[in-house]
Each structure stands twice: as structure tokens, then as C-alpha cells.
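Taking it in order: structure first as C-alpha cells, then the write-up.
No hydrogens, no waters, no symmetry mates; every other heavy atom, side chains included, goes into these values.
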Amino acid sequence: MQSLAQLNLSKSVMHQLLCLLALMPLVIGQQALAQSDNNRSVEVTSADTFTAAKPAQRIVALAPHIVEMLFEIGAGDRIVATVEYANHPAAAKAIPRIGNHAGVSMEKLLSYQPDLVLFWQGGNQAQDLAKMRSLGLNVRLSDPKALEDVAKELVMLGELTGQTHIAQHRAEQFMAKLHHIEAQYQGKQALSVFYQLWSAPLMTINQASWINQLITSCNATNVFANAPTKTPQVSIENVLVAMPEVIVIPDASSAAGSKQPDAGWQQWPQIPAVKKQQIIHTQGDVMHRFSSNMLTGLADMCQQLDSFRE
């Protein structure tokens with residue numbers, strides 16, 4: 001039986017997770033999940049604390065969550081270019097694309113003459129940032145690591161675009177809704193959860209992943225919280241030992257072809273979650289992207305979990 005100490009994320013598994021990311025735009029945050037353990041560390045310098053003499057008017061937003069936030073604070077019409085999977089709100093689909101998590105076309109980026117480039121430290125390439133700096137571009141880093149960082153980033157974007165009032169209001173709304181969700185469940189029975197990040201290979205997350213905070217916000221516990229890597233590959237035997245009460249499966253959407261492949265859980269009735277038919281599907285495309293909209297997916301997951309409490 002494979003022990004937790006032996007759990008590792010191989011290069012082949014990393015490749016398969018990146019394929020998952022293409023299916024599940026964020027987030028899964030997940031562009032950040034596997035990659036943040038790799039070479040994504042970027043030193044923050046004074047170049048990243050750019051404050052425009054006037055609000056930014058031509059913005060290149062290099063992450064889907066940044067695009068969502070800019071629209072949320074009323075600055076979406078200033079985005080001149082973005083990356084693949086920036087698909088929310090609907091107006092974002094019309095924004096020109098200049099790259100993805102694998103890299104950005106500097107030639108295309110420069111052609112849009114941005115006065116501000118918003119770079120995602122968890123999901124963009126470090127060498128792209130180095131090139132942007134060498135070209136003298138005004139860059140600001142986005143580096144959310146916890147749910148509360150959504151509010152902080154909204155405020156930051158408000159300062160950069162001159163939308164400070166609405167940004168502050170949206171940030172306060174986000175924190176109030178998050179605290180409301182957490183308060184609803186913290187006094188209730190705790191549930192043990194296996195979070196199936198992906199089914200082939202079988203993967204999950206540990207407590208270092210911000211997705212773990214989504215689970216604990218519902219007053220549930222992640223059975224692999226103490227795994228040694230952020231996105232460990234596990235075996236069915238590992239899950240059998242952990243004996244989760246609920247299996248949570250995040251999907252790209254409810255649309256056909258957007259669900260994870262079947263992991264064959266019904267073959268393992270020894271697992272309490274399988275025996276009691278406590279397997280739920282959640283809105284991974286919503287929950288796994290740092291924006292206010294992630295709380296819609298969180299509320300849905302918490303409600304589904306709550307239905308299993310005695």
C-alpha cells in the first residue's frame with residue numbers, strides 16, 4: 001500500500017494536471033495549484049508597485065480572475081488584451097488573447113501599448129515577467145493565496161484604475177458574504193471530505209492549497225490535509241485508509257463533456273462516502289477562480305455537504 005510519505009507529483013502527472021487546467025479554466029486555480037510548487041516564485045520589486053499618475057486606461061490582464069475583478073469594479077472596458085479562459089463575464093470573451101499559462105506573446109502585448117500590465121504570479125511564466133521588466137513595462141503582480149486576498153486585490157485594482165469607491169464596496173461585500181457562509185456551518189457536525197481534484201490519475205490537495213480553505217469554510221475536514229505536497233497523487237488504497245464521509249468532485253461545468261472521468265467509486269463500497277452515496281459534484285470552474293463569484297460555488301458546496309449532516 002502506498003504511504004502518504006510516498007505521494008509525489010511526477011512530471012507526467014504534472015502534464016496531466018495541465019490538461020485538466022485546460023478543461024477547468026482556473027483555477028482550476030489550478031493553473032496555480034501544480035505550478036506554484038515549480039518555478040513560479042517571482043521576486044517582488046519596486047517595479048511592481050507602479051502607481052499611475054492617472055488611472056490606467058489600457059490594461060493587459062494576464063489571468064481570468066483579474067479580468068473578472070476589473071469588470072466587477074467597472075474597469076472591464078479598459079482591458080485591451082488578456083489570456084485564454086478569460087470567459088466571465090460574457091463581455092470578456094470579446095477581448096483579444098495574447099497567450100495562456102504556458103506563455104505570452106511579447107510582440108502582441110507591446111502592440112496594444114498598455115499603460116499597465118497585471119501579471120498573475122501563480123499562473124504566468126516567471127521569464128515573461130523578467131522580459132516585461134526589461135522592456136520597461138509597468139507591471140503589477142497579482143498573488144492571491146487565501147480567500148481574503150480577493151478583497152485585497154479588488155482594493156488594489158481600484159487604486160490602479162481610479163475605481164476606489166466601488167472597489168472598496170465590492171471588497172466589503174465579499175468579506176461579509178464569506179463570513180456569513182462560514183458562520184452558517186461552523187457550529188454544525190464536521191464532515192470528513194476527499195476532494196477529488198482529478199480522477200485519472202487520482203489527485204487531491206493538502207492544507208497548503210487555498211482550496212483547503214473552501215473545505216474548512218463549510219466546517220469539513222480534508223482527509224489529505226497533511227499530505228507532503230500541495231497536489232498529491234493518491235491511490236484508492238490511500239482513500240480506503242482515510243475513510244472519507246463525502247467525496248467532492250469539482251467539474252468544469254454541468255455541460256456534457258465538462259465533467260471529470262468516472263473514477264469508479266462504486267467498486268469500493270467499503271468507503272463510507274460510497275456506501276452512503278455521499279458523492280457530490282461542485283462548480284469547479286467557479287470555485288477555483290479568485291473572484292467574488294467563487295463564493296457562489298462555495299455556498300453551493302456547503303449546502304450539498306450540509307444535506308448529509310444528521
Side-chain angles (χ1 to χ4, degrees), residues 15 17-36 38-45 47-52 54-144 153-154 156-157 160-161 163 252 285 288-291 293:
H15 173 73
L17 181 57
L18 291 177
C19 292
L20 164 63
L21 301 184
L23 175 65
M24 305 179 71
L26 118 116
V27 232
I28 304 179
Q30 255 77 291
Q31 291 171 346
L33 279 177
Q35 293 169 352
S36 61
N38 256 356
N39 61 345
R40 295 292 180 173
S41 179
V42 179
E43 181 184 358
V44 180
T45 73
D48 306 308
T49 58
F50 162 68
T51 302
K54 60 181 181 179
Q57 299 297 320
R58 298 185 60 80
I59 302 171
V60 169
L62 298 179
H65 74 273
I66 298 174
V67 171
E68 284 195 37
M69 288 186 183
L70 287 170
F71 273 97
E72 188 175 356
I73 65 172
D77 59 350
R78 303 185 205 177
I79 306 172
V80 295
T82 186
V83 290
E84 293 178 15
Y85 311 123
N87 56 3
H88 186 81
K93 297 177 183 178
I95 301 172
R97 315 287 146 142
I98 61 171
N100 53 34
H101 65 270
V104 173
S105 168
M106 289 298 155
E107 182 179 0
K108 290 181 179 180
L109 188 154
L110 291 171
S111 72
Y112 287 102
Q113 300 181 326
D115 55 17
L116 177 63
V117 178
L118 294 167
F119 178 98
W120 180 22
Q121 186 166 344
N124 295 133
Q125 295 285 343
Q127 58 265 34
D128 285 344
L129 177 59
K131 182 64 174 178
M132 291 173 200
R133 286 173 170 166
S134 71
L135 292 170
L137 294 172
N138 292 316
V139 182
R140 184 65 182 253
L141 295 186
S142 171
D143 190 26
E153 298 239 336
L154 284 167
M156 176 192 76
L157 293 175
L160 292 170
T161 59
Q163 299 290 92
D285 57 333
H288 293 171
R289 185 177 293 180
F290 275 102
S291 72
N293 197 38

Would you say [X]'s side chain and [Y]'s backbone share a donor-acceptor pair under 3.5 angstrom?
X	Y	value
R78	A56	yes
R97	A86	yes
Q57	L116	no
R58	Y112	yes
T82	A61	yes

What pair of heavy atoms forms the shortest contact from [X] to [Y], and how long is it?
X	Y	value
V67	H88	CG1-O, 4.2 Å
S291	M69	CA-CE, 4.2 Å
V83	A63	CG2-N, 3.7 Å
Q163	I73	NE2-O, 2.8 Å
V104	D128	N-OD2, 3.0 Å

So, taking the atom named [atom1] in [X] and the one named [atom2] in [Y], what distance separates them when rounded to the nearest 0.5 Å?
X	Y	atom1	atom2	result
I98	E107	CD1	CD	11.5 Å
N124	L129	CG	CG	9.0 Å
L62	Q121	CG	CD	13.0 Å
I66	L118	CD1	CG	5.0 Å
F71	I95	CZ	CD1	4.5 Å
M156	L154	CE	CG	9.0 Å

**Asked** Do I59 and T161 touch side chain to side chain, with heavy atoms closer than 4.5 Å?
**Response**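 Yes; the side chains approach each other to less than 4.5 Å.
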**Message:** With heavy-atom distances below 4.5 Å as the criterion, would you say the side chains of N87 and P64 are in contact?
**Reply:**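 They are not in side-chain contact.
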**Request:** Carefully, step by step, assess V60 and L137 under the rule side chain to side chain contact (heavy atoms under 4.5 Å, CB included).
**Result:** CA-CA 11 Å; V60 169; L137 294 172; over 6 Å; no
**Request:** Identify, with sequence neighbours excluded, every residue that meets side chain to side chain donor-acceptor pair (under 3.5 Å) alongside E72.
**Result:**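 Only S292 meet the side chain to side chain donor-acceptor pair (under 3.5 Å) criterion with E72.
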**Asked** Checking ring pair (Phe, Tyr, Trp, His ring centres under 6.0 Å) for the pair H101/W120: CA distance, chi angles, key distance, verdict?
**Response** CA-CA 9 Å; H101 65 270; W120 180 22; 9.6 Å; no
**Item:** Stepwise side chain to side chain contact (heavy atoms under 4.5 Å, CB included) check, F119 with M132
**Value:** CA-CA 10 Å; F119 178 98; M132 291 173 200; 4.1 Å; yes
